[in-house]
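Inspection log for the structure reproduced underneath, given as structure tokens.
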Amino acid sequence: MNWLYAHLPHLYAETWLPQFHTGEPVALIRDHNHLIEDANDAAKACGVDVDMSLNTAFCLCPGLQVTPRDPCRQQRALERAAVIASRYSAWLGLDAADGLYLEIASMKRLLGGVAQIQHRLQLALQQMGYSAVIAVAPQPKAARLLARAGQHRCCDQEQLIQALADIPFTALGIEAKTELRLAKLGLATVQDLVQLPSGDLSYRVDAELTLYLDQISGRKPWLPPPFKAAERFHWYMDLEQEFESLEPLRFYLAQGVGQFCRFLQKRCLAAQVLRLKLQHRHRAPSCVDIKLANIDNRPESWQYMLNSTVNRLELAAPITAMQLSAALFEPLDDRDLHLFNNVSQECDQKKTQLLNRLSARLGIHNVHFLQISTDPRPEFQTICASQPAAQAQRPAAALVAPLWLLPQPQPVAIDRYIIQRGPVRLTSGWWDRNAAHRDYYVAGDSGLTTQWLFRDSDGTWYQHGWFA
Amino acid sequence: MVGSPDAGSRKQSRAEPGFVELHCISNYSFLRGASHPEELVHQAMTAGYAGLALTDECSVAGVVKAWQQLQQQPVENFSLIIGSEFRYRNECFVVLATDKLAYSELCRLISACRQAAPKGDYVFHPRDLVQYIRRGLLLWRPATAAPDYLPALTAHFRGRFWLLVELSLTDADEPHQRQVETIARDVELPIVCSNNVHMHDPKRKMLQDTLTAIRLNRTVTEIKQHLLPNAENYLRPLKNVRKIYKQAYILESLVIAERCHFRLEEIKYLYPKTCVPAGLCARDYLRQATYEGARRRYGDTVPEQVKATIEKELGIIAELNYEYYFLTIYDIVKQARKMGILCQGRGSAANSVVCYCLHITEVDPTEVSLLFERFISRRRNEPPDIDVDFENARREEVIQYIYEKYGRDHCAIAATVITYRAKSALRDLAKALGINMLQLENVIANYGWRYRDKHNWVDEVITPALSLDNHMLDCFKQLLTELVGFPRHLSQHVGGFVISEPPLIDLVPIENAAMADRTVIQWDKEDLEALGLMKVDVLALGMLTALRKCFTYISTASGKPVAMSSIPRDDPRVYGMLQKADTVGLFQVESRAQMNMLPRLRPEKYYDLVVQVAIVRPGPIHGDMVHPYLRRKHGEERVDVPLKELEPILNRTYGVPIFQEQVIALAIKGADFTPDEAEELRRSMASWKREGHMHRLRQKLTDNLLRKGVSQDYVERICRQIEGFGEYGFPESHAASFALLAYASAWLKYYHPTAFLCALLNSQPMGFYRPWQLIQDAQRHGVTVLPVDINRSEWDYTLERRGEVLRLGLRSIKGLSEPAAELICRHRPARGYAAVEDLFAIPGIDKDTLETLASANALAPLGGHRFQQRWNTSGFDFYRGLFAAQAPQGYQIREPSRIEDLFEDHAMLGFSLHDHPMAYLRDQGVLSDCIAAELLGEVQSGTELYIAGVVINRQRPKTSAGVTFLTLEDETGSMNVIIWLQNALRQMEELVKARILKIYGLLEQDKSGGVIHVIAYRLFDISSQLERFSSKSRDYH
């Protein structure tokens, strides 16, 4: 079995920092201790180094742009690289934050040999903007060691033993305290370690290190856990002739949507968006999102939304092919599995159905979830959000506002009002440009209405709402 | 900080019934109150209030500041009431002190609440009020109608209990007032109104919101629900108060204020009397002790002049009733001596012959011209300030003695108020406003605080680079100017002890300090001074520990007792050493700047050393007094005193003012300052540059001196010198005390270098140099240093061969704990350990300890090199446990190379006894063009050359502004390097990162040949050269 290891030392920066390969000095920092984790050539030219403190780096390079590393984005970057690499191996494993294991023995014949695979992967990664060190060895951890030591090579077992003589043990990536123990014994290379009586190394230095070395040399087996790419739904239909309307194609689209729902239900997933891509002969494809107000996996919801979307759609050109795709899914709530909550479940279903219908009729961008904010200014206390709030927060109890609030306060002439209660003072919001300095009053007018008025800092009176 | 209250508005408001604000917190309710106590008092007076109660949360930390504001600008019929608020769930209780006893009760309640909680916090339950408050008044802002403790409170506080109605123009006001009135009816309690004041002016609302965010460690926009809805919690104008509250409630505040007649000036401090033996009166005992001491100091016949001075001083002491103060210090110092702890007074106490006779200080005032009035004066109504240094290692024993002798209720350490400074304010505000912290750190790192004008730093630091939101940046700027100077928390003073005859807890609340067994009061040094409370500074000084240890070593080796008193004065050989700046390890004169000055000043006698200690300070340097002094001392310039009447003041320093005392005397004699103005000048030197009352003094000084014919240039220099003293100045008395220790350390280094080295090393951490620098310096002076040895080394460094050689102690090994070392020494067989197996048998020993010893080469006597020994000891767990009977398997580990030995020595000890990285590089031919440190003296001044060395000291401002000083060291000595701004900027990377530097530059040598430095042109980082020769890269140092 042959294993390939690709080390992507600048994976994060190359994925998320577009300016990394420009002339601007850029560095990545570890968020917890503010030490430099990666720096581009421009920053290095100013003296910025990995593991340097941020303050020293700023001293050396005042124009340095720094970004803290986000572990979630790190994982996403690695998975993105894994998807590219998965074209060259049926067994792919992720390693730490920036490495990939690829089993390539079984792919040699298909892809034209180890060197060819190595070359093609390098090229594919390069096209994506990644710099990589790729090594091949009989064992996955041996390939890893070679790549992380910067050795862009392909070794058999014999060559591996020779190569270990030149590799410092620091390339093993073991704990710093173990590295220190080894250094204090006068050991320097991986081969120095391999030559020690392995039982002795285990109790004298570190048992895990012995296991690690055995896995490198192949004395003990180890295989990386296989990486499974995220699920995607894909449905495609090539049309034998050009269609100027979607109307005759509704039936096929409904089939596609049906497949999509079965795909979701089989995996206990739900989705909110399904993308419809329409191919044209003489122009770029057009895309339409079929979007629900809430996640769902029932055919009736999706069919309804499909019909509404198709009804509204105007084709830019005749179509030659149709494609439905989705990549973002969410697991269904646990409550669906409960036995005796049919009522609430039914209620939820009805709510979702209603929301979806509203979205279909009004357009998804015109349907909002109301939320309460903690801002003391009444006009900022109700906000519209695209998602429902997880938990409602209580706003500051400064004002008892009427239910009917005007969208904009309206100037009024105070002489036609009789003040009934007040003032309640509001002085807040200095943190944005809408600071409020108002005295609120409850006032009645001649028409027997009760209104909510305020006087602002320059003495102007406004109506802000209706009580009755 | 605040101007004078507007008399007009007070007068106008007098027509209506007055109002007293009874619930007001200042910024001493940390991160809640948004105004200084002084601002609150000033505003209350200006707004025409009849009084103000300062009621910080479980604290009276701000009351002295408020009281001082009142003292400065007294206003008729305005009363400052002292109280404190306590919060329990959503309820708020305010306790007000009616009289001195009630104030003591309040202090005890605060102390109890504070001491029941970790530092900075408190634990309170309403039943504590019943337990502690018997005379004080209670105000209660209820949150619930009938809490279970209410009957107990109404019964206990009958006639002393009010309900608080606090309306802040919110919708909650109405139910709150209704609830208060219902309870009042139900339990028959009177109602009083207050504004629950958090700020003196509504403009501070923004700061108050931000403080809340800082307290909750979130951004302002994340905690909107915790912010006050409006800015009504301030000292409202009286017309607003009258509009909002019923008159009956307002009048009730006057009734309460009438009952609170306690004033802070009633706190009468009583000195502890425990220090006087039974049957003696303090006055007689002090006289007796002074004369006994005088006979010890001067022999049986005390000189008449000394007697006269003693009598004069005793007279003033008696007149001001300071006998107990002197006797308390005498008692502490006497006890320290009894315990064998070296101590010495410093500071202005050295002006007193009584202190000298009582062995509190060591400077003979007849030898140095000192001013007793600087120490105590009839005019200054404040207690004298005696600071005593004790051995740092044993100061805790003295502190515990004070606790034991005077009682824990009677003494505590003064507080230090930690206030917001530029950087802390920037960081906290940025967090609260959600400003990009990374960018802010960049600005902070590159701003160069030391070299910028301190006045417009806010505009320079807050730039659009921090945020694109200009509005937020404007808020940031405004908040920054307001927040700087705000108290952040209380910490403990370095050694300021307050001791009192009555329990201290009756004067001021005592709370827990961060350290175990330590308690700290809520007032700081300035508060104590303002109230006339005695403070003794029990300070720690590392050099005293070293001196005492050195005396012990010499006495043990020679069999003759040696002490401070046995050191001969004015030894020319010792001064010869000082003149050569051979001062590594000495007290006060070992810094780079002092070393530069020594060959120029060339001290020949004690007083020269006094000047030497004081001259390298901002005062004389800013005043350009250094060079005139040097020229005149060496006869290169005529001694010239600008005015005849200044001759007695300036003659001893060749007409050049060096000391703070001289400048003050110059102001009195030369510029006709009144004694009060001179005193004001002394106290406020720090604010010399600012506008305000100091400006007036400055003008007077300038005008009067110019009028008398003193040159404009001289006057300007004096002004700059005063400004410098404000930053950090040494009074003459202080310099005189320190010069004694400097001389003693120099004498010991010259005559007993091995013992002195041993003492310094055993007193670490202290001083300017690290152990390896001290050892290398001593080795260059011929001291033999033996390596650390498992069979010979103790924990401490020790002397062998009758004190002639030094043996490294086990404490020199990094990572070895004292208990582990103690195990090794305790179980060491008489013939020593013979093999690693003997070490395995030590009960309680562990693998890490043995491996550490092996790497430090301490196991060399057992045979084999350090790598082999490390391998052998690494089998400890295996051969000590299940396989104890089995002989360890041999495995041959290769021998370390020279460079590996060097690395390991540096990693484990911090130095190498017999090798040096630079010697190694020289042997490898890397430094063929570099001149060694010991040969620099032979190179002609003005020669351009290469030098190279390990960077041992880098005095570098955080930014590129200013000069950088480097000290390099090679195997023959150290070298001073100066890098000018442009070069530093150009080669910042080498400057910041290099551990070994090669420098091309110009050698400069002064005429005396004593001061040599190299002005750097080019820097080369050759740190990697060492790594090139090693099989692995490792951090050096």
Side-chain angles (χ1 to χ4, degrees), chain A residues 29 34 46-49 52 54-68 168-170 180-181 183-189 196-197 200 203-205 373-376 380 393-400 421-433 437-440, chain B residues 168-174 202 205-206 209 220-232 433 438-439 441-446 471-472 475 851 854-855 865-867 870-871 874-875 877-878 889 891 893-896 900 903-904 907 958-960 988-990 992-993 1031-1034:
Chain A
I29 56 162
H34 278 200
C46 299
V48 176
D49 261 348
M52 181 180 268
L54 187 59
N55 269 359
T56 312
F58 277 144
C59 262
L60 291 169
C61 182
L64 184 70
Q65 299 170 36
V66 288
T67 310
F169 64 68
T170 46
L180 191 68
R181 294 180 91 91
K184 286 188 171 295
L185 289 167
L187 306 169
T189 64
L196 291 173
D200 270 29
Y203 69 78
R204 285 179 193 273
V205 181
S373 91
T374 55
D375 201 294
F380 291 103
Q393 282 182 299
R394 206 168 59 85
L399 303 166
V400 177
R421 217 168 62 228
V424 168
R425 187 158 293 170
L426 177 74
T427 313
S428 196
W430 55 266
W431 47 85
D432 54 35
R433 290 170 193 281
H437 302 275
R438 302 169 189 165
D439 279 350
Y440 276 93
Chain B
S168 49
L169 301 187
T170 67
D171 280 318
D173 283 358
E174 213 177 293
K205 167 73 166 53
M206 187 157 91
D209 288 348
V220 171
T221 48
E222 286 170 344
I223 52 132
K224 291 174 195 164
Q225 70 275 31
H226 295 286
L227 305 179
L228 295 174
N230 57 37
E232 287 301 298
L433 298 181
L438 289 174
Q439 204 48 47
E441 287 301 332
N442 190 351
V443 171
I444 290 175
N446 284 296
H471 171 74
M472 201 47 109
C475 294
E851 285 185 333
S855 288
H865 53 82
R866 57 179 16 134
F867 285 171
R870 175 102 187 182
W871 177 261
S874 65
D877 289 336
F878 189 78
Q889 275 187 347
Y891 183 82
I893 297 278
R894 70 173 175 82
E895 206 170 325
E900 283 171 332
F903 275 134
E904 276 299 284
K958 279 192 174 172
T959 179
S960 39
M988 189 58 95
E989 186 180 351
E990 287 81 2
V992 172
K993 287 163 72 179
S1031 54
K1032 57 196 169 294
S1033 155
R1034 192 99 46 81

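Below, chains carry the letters A, B, ... as their sequence lines are ordered, and counting in each starts from 1.
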Practice prompt. Between chain B and each of A:V205, A:T56, A:L196, A:I29, count heavy-atom pairs under 4.5 Å; write down the option with the most.
Written response: A:L196
Worksheet, complete the sentence: Honestly, the part of A:D432 sitting under 4.5 Å from a heavy atom of chain B is backbone
Discussion item. With rounding to the nearest 0.5 angstrom, report the CG to CG distance, B:L169 to A:L426.
Written reply: 11.5 Å
Worksheet item: Which of the residues B:E174, B:E895, B:K993, B:E990 is involved in the greatest number of heavy-atom pairs with chain A at under 4.5 angstrom?
Response: B:K993
Discussion item. Salt bridge or not between A:K184 and B:E851? Use side-chain N to carboxylate O under 4.0 Å.
Written reply: no
Discussion item. Run the side-chain contact (heavy atoms from CB on, under 4.5 Å) test against A:Q65 and tell me which residues pass, sequence neighbours left out.
Written reply: A:Q19, A:E24, A:V26
Practice prompt. Counting only heavy atoms closer than 4.5 Å, note whether B:E232 contacts chain A via side chain, backbone, both or neither.
Written response: side chain
Worksheet item: chain B heavy atoms under 4.5 Å from A:H437: which part of the residue, side chain, backbone, both or neither?
Response: neither
Response to the item:
In this structure, CZ of A:R425 is separated from CG of B:N230 (nearest 0.5 Å) by 7.0 Å
Worksheet item: Side-chain contact, heavy-atom cut-off 4.5 Å: B:L438 with A:H34?
Response: yes
Worksheet entry | B:E989 versus A:L60, closest heavy-atom pair with distance | CA-CD2, 3.3 Å
Worksheet item: Does any non-hydrogen side-chain atom of B:K224 lie less than 4.5 Å from one of A:W431?
Response: yes
Item to complete: Determine, stepwise, if the pair A:D200 / B:W871 fulfils side chain to side chain contact (heavy atoms under 4.5 Å, CB included).
Response: CA-CA 10 Å; A:D200 270 29; B:W871 177 261; 3.4 Å; yes
Worksheet item: Say you draw a straight line from CG of B:D171 to CZ of A:R421; how long is it, rounded to the nearest 0.5 Å?
Response: 6.5 Å
Worksheet, complete the sentence: side-chain contact (heavy atoms from CB on, under 4.5 Å) filter on A:P168, not counting sequence neighbours, yields A:T170
Worksheet item: Just how far is it from atom OG1 of A:T374 to atom NE2 of B:H226, taken to the nearest 0.5 Å?
Response: 8.5 Å
Worksheet entry | From A:L185 atom CG to B:S855 atom OG, the distance as rounded to the nearest 0.5 Å | 7.5 Å
Fill in: Among B:D209, B:I893, B:L433, residue most engaged with chain A (heavy-atom pairs, under 4.5 Å)
B:D209
Practice prompt. Between chain A and each of B:A854, B:P896, B:G875, count heavy-atom pairs under 4.5 Å; write down the option with the most.
Written response: B:G875
Fill in: Short side-chain to backbone donor-acceptor contact, B:H471 and A:W430, under 3.5 Å
yes
Worksheet item: Atom OG in A:S428, atom NZ in B:K205: separation rounded to 0.5 Å?
Response: 4.5 Å
Discussion item. Which atoms of B:M206 are under 4.5 Å from chain A, going by heavy atoms: the side chain, the backbone, both sets, or neither?
Written reply: both
